[in-house]
Amino acid sequence: MASVVSMAVPGNPAIAHRRSEARIAWMLVLPAIVLLFLFVLLPVASVIVLGFTDFELGYGKFRFVGFENYAHLITDRTFCKSLWNTTVYTAIVAPVSILLGLGIAMLIESETAARSLFRTAYFLPVASLIVAMATVWQYMFHPTIGPINALLALAGLPGPNWLGSSGTVLYSLSIIGVWQSVGFNMVLFLAGLTAIPRELYAAAEVDGARSSFDRFLLVTWPMLGPTTLFVITISITNAVKVFEIVKTLTDGGPNKASEVLLFTIYQEGFVYLRVGYASAMTVVFLLILVVLMFLQYRILDRRVHYT
């Protein structure tokens, strides 16, 4: 009875201690909240507001135009073209880089000798500056002196103008995107493979899973569920956000054949200075990312086995 009375007293040391801990916790998290507000929430809110205006850099006045910018997006051929190019690029880069990353990770995991060397070699594209490596790829894809066309010539095949032709430029950029993403996916899959208990493979073999493919279907693939979900999310997000290789190698050409969504936003906002219209594009871009993430977790998360 006395303990109940002591707990109800306002000056209870336990309550004071909890309040003190709460104040310390808020003090510790306050810098992160301020940074989140200044660099994430405030810019997003500003972009949403600017998307309803005709604001242009260099002009002091602007007016609210409602959904006029969004209505113009529907009929904007450049925006539709860049949206289609981004979709094609993502549809190529994301699945190919995921499958290659998984395959390379399994090969490295099964290899005992020089494992660290292979990990480093395949991870180098991730650590390299894409702007610097673009020079190397520009040489490799060169129509006359490039080694890729030289190998095709040895085989008696005509070499295309990889970065200068509307029919091949997007696929050429997709090759670079796969090369850039495979190493990162490989490291993530390696982490997932390392976390799988070896006893599960022995148990699967006892149950009749004799071949490596059977053990992969029964043990490896289900246990890699959380890792695969994360890799899919990261790969699609990074593919949709492609910009550097387009700006460095093709500048959206030829004839807008390689112009992607982020490059179009950059052109509208920083070249043509149409900030209001670029903000509307940015809102659409963010909505696409949110919808993609929602669908992935809504559909794939149900099939993931967490341990």
Side-chain angles (χ1 to χ4, degrees), residues 31-94 130-131 134 169-170 173-174 177 180-181 233-298:
I33 293 176
V34 172
L35 291 175
L36 179 67
F37 175 78
L38 291 178
F39 295 103
V40 178
L41 299 180
L42 187 60
V44 170
S46 302
V47 165
I48 293 175
V49 172
L50 288 173
F52 294 102
T53 69
D54 61 352
F55 177 66
E56 297 184 13
L57 285 178
Y59 292 88
K61 297 180 180 180
F62 64 92
R63 61 186 179 89
F64 285 91
V65 295
F67 289 92
E68 184 178 319
N69 289 330
Y70 296 96
H72 183 57
L73 286 177
I74 300 175
T75 58
D76 189 346
R77 296 180 61 183
T78 300
F79 174 77
C80 295
K81 180 66 174 178
S82 64
L83 187 60
W84 171 252
N85 289 340
T86 304
T87 304
V88 173
Y89 179 88
T90 304
I92 296 174
V93 172
I130 189 61
V131 177
V169 61
L170 195 59
L173 295 178
S174 299
Q180 187 182 12
S181 304
T233 303
I234 292 297
S235 298
I236 293 179
T237 304
N238 289 338
V240 172
K241 295 191 305 181
V242 61
F243 174 76
E244 293 92 344
I245 57 175
V246 175
K247 177 61 179 172
T248 305
L249 290 176
T250 65
D251 210 32
N255 299 323
K256 301 185 184 297
S258 64
E259 186 162 332
V260 291
L261 198 52
L262 275 186
F263 183 82
T264 303
I265 295 173
Y266 165 81
Q267 288 284 101
E268 290 291 339
F270 296 98
V271 177
Y272 306 134
L273 306 180
R274 299 169 60 189
V275 177
Y277 191 53
S279 298
M281 288 185 178
T282 305
V283 172
V284 174
F285 173 74
L286 293 176
L287 287 176
I288 291 173
L289 288 180
V290 170
V291 170
L292 287 175
M293 297 307 103
F294 176 79
L295 291 177
Q296 288 174 44
Y297 279 97
R298 189 73 175 177

Does [X] have any side-chain contact (heavy atoms from CB on, under 4.5 Å) partners at least two apart in sequence or in another chain, and if so, which?
X	value
Ile92	Val88, Tyr171, Ser174
Ile130	Ile176, Trp179, Gln180, Glu244, Ile245
Leu286	Thr282
Asn255	Ser166

Considering only distance and modelled atom types, tabulate donor-acceptor pairs under 3.5 Å from the side chains of residues 36-54, sequence neighbours left out.
from	atom 1	to	atom 2	distance (Å)
Ser46	OG	Leu42	O	2.8
Thr53	OG1	Leu50	O	2.8
Thr53	OG1	Phe55	N	3.4
Asp54	OD1	Arg63	N	2.7
Asp54	OD2	Arg63	NE	3.3

Say you draw a straight line from OG1 of Thr87 to OH of Tyr89; how long is it, rounded to the nearest 0.5 Å?
13.0 Å
Calculate, to the nearest 0.5 Å, the distance between atoms CD and NZ belonging to Glu56 and Lys61 respectively.
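If we round to the nearest 0.5 Å, Glu56:CD and Lys61:NZ are 14.5 Å apart.
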Nearest heavy-atom pair of Asn85 and Ala257: which atoms, and what distance?
ND2-O, 3.3 Å
Considering all heavy atoms of both residues, which atom of Ala134 and which atom of Thr248 are nearest to each other, and what is their separation?
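For Ala134 versus Thr248, the nearest heavy atoms are CB-CG2, 3.5 Å.
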side-chain hydrogen bond (donor to acceptor under 3.5 Å, both in side chains) partners of [X], counting only residues at least two apart:
X	result
Ser82	Thr264
Ser279	none
Ser181	none
Thr90	none

Single hit among Leu262, Asp251, Leu173 for side-chain contact (heavy atoms from CB on, under 4.5 Å) with Val246:
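With Val246 as partner, side-chain contact (heavy atoms from CB on, under 4.5 Å) holds for just one option, Leu173.
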Taking only distance into account, with no hydrogens and no angle test, what donor-acceptor pairs under 3.5 Å do side-chain atoms of residues 266-276 form with protein atoms, sequence neighbours excluded?
from	atom 1	to	atom 2	distance (Å)
Glu268	OE1	Arg274	NH1	3.4

Yes or no on side-chain contact (heavy atoms from CB on, under 4.5 Å) for Leu83 and Ile288, after CA distance, side-chain angles and deciding distance?
CA-CA 10 Å; Leu83 187 60; Ile288 291 173; 3.7 Å; yes
Passes side-chain contact (heavy atoms from CB on, under 4.5 Å), Leu261 versus Met281? Steps please.
CA-CA 8 Å; Leu261 198 52; Met281 288 185 178; 5.6 Å; no
Sort and list the pairs that fulfil side-chain hydrogen bond (donor to acceptor under 3.5 Å, both in side chains) and have at least one residue in residues 70-81, not counting sequence neighbours.
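As it turns out, the side-chain hydrogen bond (donor to acceptor under 3.5 Å, both in side chains) pairs with a partner in residues 70-81, which skip direct neighbours, are Asp76-Tyr277.
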Working for side-chain contact (heavy atoms from CB on, under 4.5 Å), residues Thr86 and Phe285
CA-CA 11 Å; Thr86 304; Phe285 173 74; over 6 Å; no
